[in-house]
Protein chains: 2
Amino acid sequence: MTEVLVVDDEPSMLRALHLNLTARGYQVITAEDGTSALNKFGLHEPAVVVLDLGLPDIDGLDVIRAIRTGSQVPILVLSARVGSNDKVAALDLGADDYVTKPFDMNELLARLRAATRRGSPDAGRRKVVAFADVTVDLDSKQVLVAGEPVHLTRTEWHLLELLLHNPEKLITSRQLLIALRGQPDHTDPSYLRIYMAQLRKKLEPDPARPKHLLTEPGMGYRFTS
Amino acid sequence: MTEVLVVDDEPSMLRALHLNLTARGYQVITAEDGTSALNKFGLHEPAVVVLDLGLPDIDGLDVIRAIRTGSQVPILVLSARVGSNDKVAALDLGADDYVTKPFDMNELLARLRAATRRGSPDAGRRKVVAFADVTVDLDSKQVLVAGEPVHLTRTEWHLLELLLHNPEKLITSRQLLIALRGQPDHTDPSYLRIYMAQLRKKLEPDPARPKHLLTEPGMGYRFTS
DNA sequence: CGCGCTCCTCACGACTTCCTCACGGCACCC
DNA sequence: GGGTGCCGTGAGGAAGTCGTGAGGAGCGCG
(Lines give C-alpha, C1' and ligand atoms only; values in the text may rest on other atoms or scores of the structure.)
Protein backbone atom coordinates (compact mmCIF):
# COMPACT_ATOMS: atom_id res chain seq x y z
CA MET A 1 0.00 0.00 0.00
CA THR A 2 1.77 3.07 -1.24
CA GLU A 3 1.14 6.31 0.58
CA VAL A 4 0.99 9.46 -1.52
CA LEU A 5 0.77 13.02 -0.25
CA VAL A 6 -1.26 15.29 -2.53
CA VAL A 7 -0.93 19.04 -2.08
CA ASP A 8 -3.22 21.44 -3.93
CA ASP A 9 -5.25 24.45 -2.92
CA GLU A 10 -8.16 23.76 -5.25
CA PRO A 11 -10.65 21.43 -3.57
CA SER A 12 -11.96 20.17 -6.91
CA MET A 13 -8.51 19.18 -8.07
CA LEU A 14 -7.85 17.57 -4.73
CA ARG A 15 -11.02 15.57 -4.99
CA ALA A 16 -10.28 14.41 -8.53
CA LEU A 17 -6.81 13.26 -7.58
CA HIS A 18 -8.02 11.60 -4.42
CA LEU A 19 -10.64 9.69 -6.38
CA ASN A 20 -8.31 8.47 -9.10
CA LEU A 21 -5.47 7.60 -6.78
CA THR A 22 -7.53 5.62 -4.29
CA ALA A 23 -9.07 3.77 -7.24
CA ARG A 24 -5.56 2.61 -8.18
CA GLY A 25 -4.85 1.38 -4.69
CA TYR A 26 -2.89 4.30 -3.33
CA GLN A 27 -3.40 5.51 0.20
CA VAL A 28 -3.94 9.25 -0.16
CA ILE A 29 -3.08 12.02 2.27
CA THR A 30 -4.20 15.50 1.28
CA ALA A 31 -3.14 19.02 2.19
CA GLU A 32 -4.36 22.40 0.96
CA ASP A 33 -1.44 24.60 1.93
CA GLY A 34 2.29 24.41 2.48
CA THR A 35 2.22 24.41 6.25
CA SER A 36 -0.05 21.43 6.63
CA ALA A 37 1.73 19.75 3.74
CA LEU A 38 5.03 19.84 5.58
CA ASN A 39 3.37 18.83 8.81
CA LYS A 40 1.68 15.83 7.25
CA PHE A 41 4.83 14.94 5.38
CA GLY A 42 6.69 14.74 8.66
CA LEU A 43 3.96 12.66 10.26
CA HIS A 44 3.23 10.13 7.53
CA GLU A 45 6.43 9.91 5.50
CA PRO A 46 4.65 9.13 2.22
CA ALA A 47 6.37 7.22 -0.58
CA VAL A 48 5.72 10.00 -3.10
CA VAL A 49 4.52 13.61 -3.14
CA VAL A 50 2.30 15.33 -5.69
CA LEU A 51 2.74 19.06 -5.22
CA ASP A 52 0.96 22.01 -6.71
CA LEU A 53 3.24 25.05 -6.87
CA GLY A 54 0.53 27.67 -6.36
CA LEU A 55 -0.10 27.48 -2.64
CA PRO A 56 -1.69 30.21 -0.55
CA ASP A 57 0.88 30.44 2.24
CA ILE A 58 4.33 29.29 1.14
CA ASP A 59 5.97 29.36 -2.27
CA GLY A 60 5.91 25.87 -3.71
CA LEU A 61 9.63 26.06 -4.44
CA ASP A 62 10.28 26.58 -0.73
CA VAL A 63 8.23 23.48 0.00
CA ILE A 64 10.44 21.46 -2.35
CA ARG A 65 13.51 22.87 -0.66
CA ALA A 66 12.17 22.01 2.78
CA ILE A 67 11.34 18.44 1.82
CA ARG A 68 14.66 17.94 0.08
CA THR A 69 16.72 19.05 3.05
CA GLY A 70 15.53 15.97 4.86
CA SER A 71 14.31 13.44 2.31
CA GLN A 72 14.86 11.89 -1.12
CA VAL A 73 11.19 11.08 -1.61
CA PRO A 74 10.04 11.43 -5.25
CA ILE A 75 8.30 14.76 -5.85
CA LEU A 76 5.98 15.27 -8.79
CA VAL A 77 5.20 18.93 -9.36
CA LEU A 78 1.82 19.93 -10.69
CA SER A 79 1.48 23.49 -11.86
CA ALA A 80 -0.42 25.93 -13.99
CA ARG A 81 2.77 27.84 -14.69
CA VAL A 82 3.95 26.79 -18.13
CA GLY A 83 7.07 28.95 -18.34
CA SER A 84 10.32 27.03 -18.60
CA ASN A 85 11.84 29.10 -15.80
CA ASP A 86 9.55 27.59 -13.20
CA LYS A 87 10.14 24.12 -14.55
CA VAL A 88 13.90 24.48 -14.47
CA ALA A 89 13.82 25.94 -10.96
CA ALA A 90 11.60 23.19 -9.59
CA LEU A 91 13.52 20.38 -11.25
CA ASP A 92 16.89 21.74 -10.15
CA LEU A 93 15.64 22.09 -6.59
CA GLY A 94 15.08 18.37 -6.56
CA ALA A 95 11.66 17.76 -8.11
CA ASP A 96 11.49 14.54 -10.10
CA ASP A 97 8.87 15.54 -12.64
CA TYR A 98 6.84 18.55 -13.69
CA VAL A 99 3.36 18.33 -15.17
CA THR A 100 1.44 21.36 -16.37
CA LYS A 101 -2.27 21.81 -15.84
CA PRO A 102 -4.48 20.86 -17.46
CA PHE A 103 -3.15 17.33 -17.62
CA ASP A 104 -4.26 13.91 -18.69
CA MET A 105 -4.99 11.76 -15.68
CA ASN A 106 -3.61 8.60 -17.27
CA GLU A 107 -0.37 10.36 -18.06
CA LEU A 108 -0.10 11.63 -14.51
CA LEU A 109 -0.62 8.18 -13.12
CA ALA A 110 2.01 6.78 -15.45
CA ARG A 111 4.48 9.47 -14.39
CA LEU A 112 3.65 8.68 -10.79
CA ARG A 113 4.40 5.02 -11.39
CA ALA A 114 7.69 5.96 -13.06
CA ALA A 115 8.65 8.17 -10.13
CA THR A 116 7.83 5.58 -7.46
CA ARG A 117 9.45 2.77 -9.44
CA ARG A 118 12.78 4.57 -9.16
CA GLY A 119 12.47 5.34 -5.51
CA SER A 120 11.83 1.80 -4.34
CA PRO A 121 15.13 -0.02 -5.02
CA ASP A 122 17.20 1.82 -2.43
CA ALA A 123 14.53 1.73 0.25
CA GLY A 124 16.16 -1.07 2.15
CA ARG A 125 19.52 0.40 2.99
CA ARG A 126 20.18 1.28 6.55
CA LYS A 127 21.57 4.64 7.47
CA VAL A 128 23.38 5.06 10.73
CA VAL A 129 25.27 8.13 11.82
CA ALA A 130 27.68 8.07 14.72
CA PHE A 131 29.64 10.81 16.45
CA ALA A 132 31.26 11.10 19.85
CA ASP A 133 29.45 8.46 21.94
CA VAL A 134 26.19 8.96 20.07
CA THR A 135 24.69 6.56 17.56
CA VAL A 136 21.70 7.59 15.47
CA ASP A 137 19.75 5.08 13.41
CA LEU A 138 17.86 7.12 10.84
CA ASP A 139 15.73 4.16 9.80
CA SER A 140 14.47 2.88 13.12
CA LYS A 141 14.57 6.38 14.58
CA GLN A 142 16.59 5.33 17.56
CA VAL A 143 19.23 7.29 19.38
CA LEU A 144 21.86 5.77 21.62
CA VAL A 145 24.14 7.79 23.86
CA ALA A 146 26.94 5.76 25.42
CA GLY A 147 24.96 2.66 24.54
CA GLU A 148 21.87 3.82 26.39
CA PRO A 149 18.74 4.65 24.40
CA VAL A 150 17.67 8.28 24.65
CA HIS A 151 14.18 9.52 24.02
CA LEU A 152 13.67 12.46 21.65
CA THR A 153 10.41 14.31 21.13
CA ARG A 154 8.99 14.57 17.64
CA THR A 155 10.34 18.06 17.03
CA GLU A 156 13.73 17.22 18.45
CA TRP A 157 13.97 14.23 16.16
CA HIS A 158 12.80 16.16 13.15
CA LEU A 159 15.44 18.79 13.74
CA LEU A 160 18.18 16.23 14.28
CA GLU A 161 17.16 14.40 11.15
CA LEU A 162 17.41 17.54 9.05
CA LEU A 163 20.88 18.28 10.33
CA LEU A 164 22.12 14.71 9.96
CA HIS A 165 20.85 14.41 6.42
CA ASN A 166 23.11 17.27 5.43
CA PRO A 167 26.36 16.68 7.26
CA GLU A 168 28.96 19.45 7.24
CA LYS A 169 26.42 21.65 5.52
CA LEU A 170 25.05 24.88 6.84
CA ILE A 171 21.27 25.00 7.09
CA THR A 172 19.78 28.43 7.51
CA SER A 173 17.33 29.18 10.29
CA ARG A 174 14.81 29.95 7.59
CA GLN A 175 15.13 26.51 6.06
CA LEU A 176 14.82 24.85 9.43
CA LEU A 177 11.77 26.87 10.37
CA ILE A 178 10.05 26.10 7.08
CA ALA A 179 10.76 22.41 7.49
CA LEU A 180 9.67 22.29 11.11
CA ARG A 181 6.68 24.56 11.03
CA GLY A 182 5.99 25.78 7.52
CA GLN A 183 6.16 29.40 8.53
CA PRO A 184 9.48 31.01 7.64
CA ASP A 185 8.82 34.36 9.23
CA HIS A 186 6.50 35.79 11.84
CA THR A 187 8.04 33.26 14.18
CA ASP A 188 10.06 33.94 17.24
CA PRO A 189 13.60 32.97 16.28
CA SER A 190 14.11 31.74 19.83
CA TYR A 191 11.99 28.75 18.85
CA LEU A 192 14.93 27.09 17.15
CA ARG A 193 17.27 27.90 20.00
CA ILE A 194 15.17 26.02 22.52
CA TYR A 195 15.26 22.84 20.49
CA MET A 196 18.92 23.12 19.67
CA ALA A 197 19.57 23.54 23.39
CA GLN A 198 17.52 20.45 24.19
CA LEU A 199 19.26 18.41 21.53
CA ARG A 200 22.64 19.50 22.80
CA LYS A 201 21.63 18.75 26.35
CA LYS A 202 20.75 15.22 25.32
CA LEU A 203 23.52 14.50 22.83
CA GLU A 204 26.55 16.69 23.44
CA PRO A 205 29.05 15.67 26.12
CA ASP A 206 29.42 19.33 27.10
CA PRO A 207 26.23 21.14 26.05
CA ALA A 208 27.76 24.56 26.74
CA ARG A 209 30.59 23.90 24.28
CA PRO A 210 29.01 21.93 21.44
CA LYS A 211 31.37 20.10 19.11
CA HIS A 212 28.91 18.60 16.64
CA LEU A 213 25.73 20.65 16.66
CA LEU A 214 27.27 23.98 15.79
CA THR A 215 25.85 27.47 15.60
CA GLU A 216 26.89 29.74 12.75
CA PRO A 217 25.98 33.15 14.15
CA GLY A 218 23.66 35.10 11.94
CA MET A 219 23.44 32.24 9.45
CA GLY A 220 22.06 29.04 10.85
CA TYR A 221 23.23 25.68 12.17
CA ARG A 222 25.54 22.95 11.03
CA PHE A 223 26.14 19.33 11.99
CA THR A 224 29.64 18.00 11.88
CA SER A 225 30.92 14.66 13.06
CA MET B 1 32.22 13.73 -17.61
CA THR B 2 28.82 12.27 -18.17
CA GLU B 3 28.18 10.28 -21.30
CA VAL B 4 24.80 10.69 -22.95
CA LEU B 5 23.43 8.69 -25.87
CA VAL B 6 21.16 10.75 -28.13
CA VAL B 7 18.93 8.89 -30.56
CA ASP B 8 16.94 10.77 -33.22
CA ASP B 9 16.42 10.29 -36.92
CA GLU B 10 16.28 13.99 -37.80
CA PRO B 11 19.81 15.28 -38.42
CA SER B 12 18.85 18.85 -37.48
CA MET B 13 17.47 17.78 -34.11
CA LEU B 14 20.53 15.65 -33.54
CA ARG B 15 22.79 18.57 -34.28
CA ALA B 16 20.90 20.93 -31.98
CA LEU B 17 21.04 18.46 -29.10
CA HIS B 18 24.69 17.67 -29.72
CA LEU B 19 25.53 21.36 -29.64
CA ASN B 20 23.65 22.15 -26.45
CA LEU B 21 24.78 19.07 -24.58
CA THR B 22 28.47 19.41 -25.37
CA ALA B 23 28.22 23.04 -24.33
CA ARG B 24 27.08 21.85 -20.88
CA GLY B 25 29.97 19.48 -20.54
CA TYR B 26 28.32 16.24 -21.58
CA GLN B 27 30.08 13.74 -23.76
CA VAL B 28 27.62 13.02 -26.56
CA ILE B 29 27.15 9.81 -28.53
CA THR B 30 24.63 9.96 -31.38
CA ALA B 31 22.57 7.41 -33.26
CA GLU B 32 20.02 7.84 -36.05
CA ASP B 33 18.20 4.54 -35.84
CA GLY B 34 17.29 1.88 -33.33
CA THR B 35 19.84 -0.70 -34.45
CA SER B 36 22.87 1.53 -34.12
CA ALA B 37 21.39 2.98 -30.93
CA LEU B 38 21.37 -0.42 -29.27
CA ASN B 39 24.82 -1.18 -30.66
CA LYS B 40 26.34 2.01 -29.33
CA PHE B 41 24.51 1.60 -26.05
CA GLY B 42 26.17 -1.75 -25.56
CA LEU B 43 29.56 -0.36 -26.49
CA HIS B 44 29.66 2.85 -24.47
CA GLU B 45 27.35 2.24 -21.52
CA PRO B 46 26.25 5.88 -21.30
CA ALA B 47 24.99 7.41 -18.06
CA VAL B 48 21.71 8.54 -19.65
CA VAL B 49 19.77 8.05 -22.89
CA VAL B 50 17.73 10.62 -24.83
CA LEU B 51 15.49 8.70 -27.17
CA ASP B 52 13.20 9.80 -29.97
CA LEU B 53 10.31 7.38 -30.44
CA GLY B 54 9.94 7.85 -34.19
CA LEU B 55 12.76 5.78 -35.57
CA PRO B 56 12.97 4.37 -39.13
CA ASP B 57 13.78 0.76 -38.32
CA ILE B 58 12.61 -0.26 -34.85
CA ASP B 59 9.69 1.06 -32.83
CA GLY B 60 10.99 3.31 -30.07
CA LEU B 61 9.03 1.36 -27.48
CA ASP B 62 10.93 -1.76 -28.46
CA VAL B 63 14.18 0.11 -27.99
CA ILE B 64 13.13 0.97 -24.44
CA ARG B 65 12.22 -2.65 -23.81
CA ALA B 66 15.58 -3.80 -25.13
CA ILE B 67 17.55 -1.39 -23.00
CA ARG B 68 15.52 -2.18 -19.89
CA THR B 69 16.13 -5.90 -20.14
CA GLY B 70 19.73 -5.30 -19.20
CA SER B 71 20.07 -1.85 -17.68
CA GLN B 72 18.55 0.67 -15.27
CA VAL B 73 20.06 3.65 -17.10
CA PRO B 74 17.79 6.73 -17.07
CA ILE B 75 15.86 7.08 -20.34
CA LEU B 76 14.37 10.39 -21.40
CA VAL B 77 11.91 9.97 -24.24
CA LEU B 78 11.57 12.68 -26.85
CA SER B 79 8.60 12.44 -29.13
CA ALA B 80 6.26 14.25 -31.48
CA ARG B 81 3.40 11.99 -30.41
CA VAL B 82 1.35 13.93 -27.91
CA GLY B 83 -1.30 11.32 -27.18
CA SER B 84 -1.40 10.05 -23.62
CA ASN B 85 -1.39 6.45 -24.81
CA ASP B 86 2.15 6.69 -26.09
CA LYS B 87 3.28 8.45 -22.96
CA VAL B 88 1.77 5.87 -20.67
CA ALA B 89 3.22 3.05 -22.73
CA ALA B 90 6.71 4.52 -22.77
CA LEU B 91 6.72 5.38 -19.09
CA ASP B 92 5.39 2.00 -18.06
CA LEU B 93 8.00 0.27 -20.16
CA GLY B 94 10.60 1.91 -18.01
CA ALA B 95 11.21 5.37 -19.46
CA ASP B 96 12.00 7.97 -16.82
CA ASP B 97 10.57 11.03 -18.55
CA TYR B 98 8.66 11.98 -21.66
CA VAL B 99 9.04 15.31 -23.45
CA THR B 100 6.94 16.26 -26.46
CA LYS B 101 8.32 18.12 -29.46
CA PRO B 102 8.65 20.98 -29.85
CA PHE B 103 10.33 21.48 -26.50
CA ASP B 104 12.22 24.16 -24.63
CA MET B 105 15.91 23.34 -24.52
CA ASN B 106 16.36 24.65 -20.98
CA GLU B 107 13.54 22.46 -19.76
CA LEU B 108 15.02 19.43 -21.47
CA LEU B 109 18.39 20.08 -19.87
CA ALA B 110 16.77 20.45 -16.45
CA ARG B 111 14.88 17.19 -16.90
CA LEU B 112 18.11 15.55 -17.97
CA ARG B 113 19.80 16.80 -14.82
CA ALA B 114 16.90 15.49 -12.74
CA ALA B 115 17.13 12.09 -14.41
CA THR B 116 20.90 11.74 -13.97
CA ARG B 117 20.78 13.09 -10.42
CA ARG B 118 18.69 10.12 -9.38
CA GLY B 119 21.05 7.61 -10.93
CA SER B 120 24.05 8.63 -8.86
CA PRO B 121 22.90 8.69 -5.22
CA ASP B 122 25.11 11.36 -3.73
CA ALA B 123 25.18 13.60 -6.75
CA GLY B 124 25.54 16.60 -4.51
CA ARG B 125 26.85 19.02 -7.09
CA ARG B 126 29.34 20.84 -4.95
CA LYS B 127 30.29 24.25 -6.11
CA VAL B 128 33.74 24.93 -4.78
CA VAL B 129 35.95 27.88 -5.53
CA ALA B 130 39.60 27.82 -4.61
CA PHE B 131 42.34 30.43 -4.77
CA ALA B 132 45.66 30.81 -2.98
CA ASP B 133 45.28 28.65 0.14
CA VAL B 134 41.58 29.41 0.43
CA THR B 135 38.77 26.98 -0.33
CA VAL B 136 35.19 28.20 -0.46
CA ASP B 137 32.32 25.73 -0.56
CA LEU B 138 29.38 27.72 -1.87
CA ASP B 139 26.94 24.92 -1.19
CA SER B 140 27.68 24.19 2.44
CA LYS B 141 28.78 27.76 3.07
CA GLN B 142 32.12 26.81 4.49
CA VAL B 143 35.44 28.61 4.13
CA LEU B 144 38.80 26.97 4.68
CA VAL B 145 42.08 28.87 4.83
CA ALA B 146 45.14 26.63 4.82
CA GLY B 147 42.85 23.76 5.71
CA GLU B 148 41.46 25.47 8.80
CA PRO B 149 37.83 26.53 8.86
CA VAL B 150 37.33 30.27 9.13
CA HIS B 151 34.22 31.91 10.44
CA LEU B 152 32.55 34.62 8.37
CA THR B 153 29.73 36.82 9.56
CA ARG B 154 26.54 36.98 7.59
CA THR B 155 27.47 40.15 5.74
CA GLU B 156 30.99 38.99 5.04
CA TRP B 157 29.67 35.79 3.55
CA HIS B 158 27.05 37.58 1.53
CA LEU B 159 29.65 39.87 0.05
CA LEU B 160 32.05 37.04 -0.73
CA GLU B 161 29.27 35.07 -2.35
CA LEU B 162 28.41 37.93 -4.65
CA LEU B 163 31.99 38.33 -5.76
CA LEU B 164 32.58 34.61 -6.24
CA HIS B 165 29.43 34.17 -8.27
CA ASN B 166 30.80 36.62 -10.82
CA PRO B 167 34.48 35.75 -11.11
CA GLU B 168 36.73 38.11 -13.04
CA LYS B 169 33.79 40.46 -13.35
CA LEU B 170 33.59 43.97 -12.00
CA ILE B 171 30.75 44.64 -9.61
CA THR B 172 29.91 48.26 -8.87
CA SER B 173 29.63 49.53 -5.33
CA ARG B 174 26.04 50.38 -6.09
CA GLN B 175 25.24 46.79 -7.01
CA LEU B 176 26.92 45.49 -3.90
CA LEU B 177 25.12 47.95 -1.65
CA ILE B 178 21.76 47.08 -3.14
CA ALA B 179 22.40 43.38 -2.65
CA LEU B 180 23.64 43.77 0.90
CA ARG B 181 21.21 46.32 2.22
CA GLY B 182 18.58 47.13 -0.37
CA GLN B 183 19.44 50.80 -0.16
CA PRO B 184 21.49 51.95 -3.11
CA ASP B 185 21.96 55.52 -1.94
CA HIS B 186 21.99 57.43 1.34
CA THR B 187 24.68 55.06 2.53
CA ASP B 188 28.17 55.86 3.51
CA PRO B 189 30.39 54.33 0.83
CA SER B 190 32.85 53.46 3.56
CA TYR B 191 30.44 50.75 4.57
CA LEU B 192 31.69 48.50 1.81
CA ARG B 193 35.31 49.25 2.56
CA ILE B 194 35.00 47.94 6.09
CA TYR B 195 33.71 44.59 4.94
CA MET B 196 36.17 44.27 2.11
CA ALA B 197 38.90 44.96 4.64
CA GLN B 198 37.60 42.26 6.95
CA LEU B 199 37.31 39.76 4.14
CA ARG B 200 40.84 40.49 3.02
CA LYS B 201 42.08 40.24 6.57
CA LYS B 202 40.60 36.77 6.80
CA LEU B 203 41.32 35.47 3.32
CA GLU B 204 44.25 37.29 1.72
CA PRO B 205 47.78 36.23 2.62
CA ASP B 206 48.83 39.88 2.61
CA PRO B 207 45.72 41.98 3.30
CA ALA B 208 47.51 45.20 2.44
CA ARG B 209 48.30 43.97 -1.07
CA PRO B 210 45.27 41.95 -2.14
CA LYS B 211 45.72 39.60 -5.07
CA HIS B 212 42.19 38.21 -5.41
CA LEU B 213 39.76 40.66 -3.85
CA LEU B 214 40.65 43.66 -5.97
CA THR B 215 39.57 47.27 -5.83
CA GLU B 216 38.75 49.06 -9.05
CA PRO B 217 39.09 52.71 -8.04
CA GLY B 218 36.02 54.75 -8.71
CA MET B 219 34.14 51.71 -10.00
CA GLY B 220 33.75 48.85 -7.57
CA TYR B 221 35.33 45.52 -6.76
CA ARG B 222 36.37 42.40 -8.60
CA PHE B 223 37.23 38.84 -7.63
CA THR B 224 39.94 37.04 -9.55
CA SER B 225 41.49 33.68 -8.83
C1' DC C 1 -10.99 14.29 35.85
C1' DG C 2 -6.18 14.68 36.91
C1' DC C 3 -1.54 13.71 35.19
C1' DG C 4 2.43 13.88 32.38
C1' DC C 5 4.41 15.15 28.20
C1' DT C 6 5.24 18.21 24.52
C1' DC C 7 4.97 22.49 22.12
C1' DC C 8 5.58 27.16 22.19
C1' DT C 9 6.18 32.02 24.15
C1' DC C 10 8.32 35.35 27.01
C1' DA C 11 12.04 37.61 29.54
C1' DC C 12 16.78 38.32 30.74
C1' DG C 13 22.13 38.60 30.59
C1' DA C 14 26.12 37.76 27.56
C1' DC C 15 27.92 38.12 23.50
C1' DT C 16 28.50 39.10 18.53
C1' DT C 17 27.73 41.83 14.69
C1' DC C 18 26.46 45.96 12.26
C1' DC C 19 27.20 50.48 11.12
C1' DT C 20 28.90 55.27 11.77
C1' DC C 21 32.50 58.42 12.46
C1' DA C 22 37.05 60.21 12.31
C1' DC C 23 41.76 60.05 10.71
C1' DG C 24 45.81 59.04 7.59
C1' DG C 25 47.65 57.65 2.99
C1' DC C 26 47.80 57.69 -1.92
C1' DA C 27 46.96 59.28 -6.71
C1' DC C 28 45.68 62.67 -9.66
C1' DC C 29 44.80 67.47 -11.26
C1' DC C 30 45.09 72.23 -11.41
C1' DG D 1 52.70 72.45 -3.67
C1' DG D 2 48.37 72.43 -2.20
C1' DG D 3 43.82 70.79 -3.00
C1' DT D 4 40.61 67.09 -3.80
C1' DG D 5 38.58 62.72 -4.17
C1' DC D 6 38.83 57.97 -3.02
C1' DC D 7 40.44 54.12 -0.35
C1' DG D 8 42.05 51.62 3.90
C1' DT D 9 42.08 51.24 8.94
C1' DG D 10 40.97 51.75 13.83
C1' DA D 11 37.60 52.53 17.50
C1' DG D 12 33.17 52.46 19.71
C1' DG D 13 28.22 52.67 20.55
C1' DA D 14 23.76 50.81 18.86
C1' DA D 15 21.31 46.93 17.56
C1' DG D 16 20.62 42.31 16.82
C1' DT D 17 21.41 37.34 18.00
C1' DC D 18 22.25 33.42 21.01
C1' DG D 19 21.75 30.53 25.21
C1' DT D 20 19.03 29.64 29.19
C1' DG D 21 15.48 29.39 32.76
C1' DA D 22 10.63 29.62 33.75
C1' DG D 23 6.00 28.77 32.74
C1' DG D 24 1.32 28.55 30.36
C1' DA D 25 -1.66 26.02 26.68
C1' DG D 26 -2.88 21.99 24.33
C1' DC D 27 -3.24 17.00 24.04
C1' DG D 28 -3.29 12.06 24.78
C1' DC D 29 -3.85 8.64 28.46
C1' DG D 30 -4.89 6.25 32.36
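Numbers restart at 1 for each chain; the letters A, B, ... are given by sequence-line order, proteins then strands.
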Inset, instruction - Could you check which of dT20(D), dC8(C), dC7(C) has an atom nearest any side-chain atom of Ala197(A)? - result: dT20(D)
Legend entry - Thr155(A) side chain, from C-beta outward: closest of dC7(C), dT20(D), dT9(D): dC7(C)
Inset, instruction - Find the distance Arg193(B):CZ to dC21(C):P and express it as a whole number of Å. - result: 13 Å
Inset, instruction - May I ask you to evaluate whether Tyr221(A) reaches the phosphate of dG19(D), defined as a side-chain N or O under 4.0 Å from OP1 or OP2? - result: yes
Inset, instruction - Indicate whether OP1 or OP2 belonging to dT16(C) is found under 4.0 Å from a side-chain N or O atom of His151(B). - result: no
Inset, instruction - Establish, with yes or no, whether the OP1 or OP2 oxygen of dG19(D) is under 4.0 angstrom from a side-chain nitrogen or oxygen of Thr215(A). - result: yes
Inset, instruction - State whether Tyr195(B) places a side-chain N or O below 4.0 Å from either non-bridging phosphate oxygen (OP1 or OP2) of dC18(C). - result: yes
Inset, instruction - Round to the nearest Å and state the distance from Asn39(A) atom CG to dG26(D) atom P. - result: 17 Å
Legend entry - Within 45° cone and under 6.0 Å: Arg181(B) NZ/CZ vs Tyr191(B) ring: yes
Inset, instruction - Mind checking the CD-CG spacing from Gln72(B) to Asp96(B)? Nearest 0.5 Å is all I need. - result: 9.0 Å
Inset, instruction - Provide the closest heavy-atom pair for Leu91(A) versus Ala114(B) in the form atom of the first, atom of the second, distance. - result: CD2-CB, 4.3 Å
Inset, instruction - Find the distance Arg200(B):CZ to dC7(D):C1' and express it as a whole number of Å. - result: 9 Å
Inset, instruction - Report the distance from atom CD of Gln198(B) to atom C1' of dT17(C), rounded to the nearest whole Å. - result: 9 Å
Inset, instruction - Classify the angle between the aromatic ring planes of Phe223(B) and His212(B) as parallel (below 30°), tilted (30 to 60°) or perpendicular (above 60°). - result: tilted
Inset, instruction - Calculate the interatomic distance between Trp157(A) atom CH2 and dC7(C) atom P; express it in whole Å. - result: 14 Å
Legend entry - Separation of atom CE in Met196(B) from atom P in dT9(D), rounded to whole Å: 10 Å
Inset, instruction - Could you check how far CD of Glu156(A) sits from P of dC5(C), rounded to whole Å? - result: 13 Å
Legend entry - Atom-to-atom span, CG of Leu177(B) to P of dC18(C) - whole angstrom: 15 Å
Legend entry - From Leu78(A) atom CG to Leu17(A) atom CG, the distance as rounded to the nearest 0.5 Å: 6.5 Å
Inset, instruction - Report yes if at least one side-chain N or O of Thr153(A) is closer than 4.0 Å to OP1 or OP2 of dC7(C); otherwise report no. - result: yes
